[in-house]
Amino acid sequence: ERALFLWNNEYIVSLIAQNRDQILPIVFGALYTNSRSHWNQTVHGLTCNVVKLFMEMDPRLFDECSTAYQEKQEKEMERLAS
C-alpha cells in the first residue's frame with residue numbers, strides 16, 4: 001500500500017516515466033493481479049490508478065506487457081495441466 005502512494009509524487013512519476021521500458025515489465029504481473037482481485041479496497045483503487053497511468057503514459061508498451069503476461073500465464077497453465 002505504501003509503495004503505491006509513491007505514485008502520488010510527481011517527481012517519482014516523472015522518474016518512472018523516463019524508465020518505463022524497464023519498470024513496467026517488472027511490475028506488470030503484480031499490478032494485474034492486484035487490479036483483478038486484491039482484498040484491500042485502498043490497494044485495489046491505488047493499483048487501478050497506477051495501471052491507468054501506465055496505459056496513458058505508453059499504450060504500446062502496456063499492450064506489449066499485457067500480451068506477454070497473458071502468454072506467460074497460458075504457458076504456466078499448460079505446464080501445470082501436463
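Hydrogens, waters and symmetry mates are skipped; everything else that's a heavy atom, side chains included, is used.
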Pair up each side-chain donor or acceptor in residues 43-55 with any protein partner under 3.5 Å, not counting sequence neighbours, and list the distances.
unit_1	atom_1	unit_2	atom_2	d
His44	NE2	Ser35	O	2.9
Thr47	OG1	Val43	O	2.7

Please identify each residue that fulfils side chain to side chain contact (heavy atoms under 4.5 Å, CB included) with Ala17, with sequence neighbours left out.
Arg20, Met57
Members sharing Met77's hydrophobic cluster (side chains within less than 4.5 Å)
none
Side-chain donor-acceptor pairs under 3.5 Å in residues 5-14, sequence neighbours left out?
unit_1	atom_1	unit_2	atom_2	d
Asn9	OD1	Tyr11	N	2.8
Asn9	OD1	Ile12	N	3.2
Ser14	OG	Tyr11	O	2.7

Short side-chain to backbone donor-acceptor contact, Ser66 and Phe62, under 3.5 Å
no
Does Tyr32 have any side chain to side chain contact (heavy atoms under 4.5 Å, CB included) partners at least two apart in sequence or in another chain, and if so, which?
Phe28, Arg36, Tyr69
Output the distance between atom CD1 (Ile23) and atom CD1 (Ile16), rounded to the nearest 0.5 Å.
5.0 Å
Salt bridge (Lys or Arg N to Asp or Glu O under 4.0 Å) partners of residues 40-51, not counting sequence neighbours, each pair once:
none
Grab the two heavy atoms, one from Asn19 and one from Leu15, that are nearest each other, plus how far apart they are.
ND2-O, 3.0 Å
Residues two or more places apart in sequence or in another chain: which of them pass side-chain hydrogen bond (donor to acceptor under 3.5 Å, both in side chains) with Glu76?
Arg79
OG1 of Thr42 to CG of Leu4: how many Å apart, nearest 0.5 Å?
10.0 Å
Neighbour count above 12 (heavy atom, 6.0 Å) for Glu1 CD
yes
Check step by step if side-chain contact (heavy atoms from CB on, under 4.5 Å) holds for Asp21 and Asp58.
CA-CA 9 Å; Asp21 292 340; Asp58 193 337; 4.2 Å; yes
With Glu64 via side-chain hydrogen bond (donor to acceptor under 3.5 Å, both in side chains) - residues at least two apart:
Arg60
Rounded to the nearest 0.5 Å, how far does NZ of Lys75 lie from CG of Leu80?
14.5 Å
Members other than Trp39 in its cluster, when Ile, Leu, Val, Met, Phe, Trp, Tyr link by side-chain heavy atoms under 4.5 Å?
none
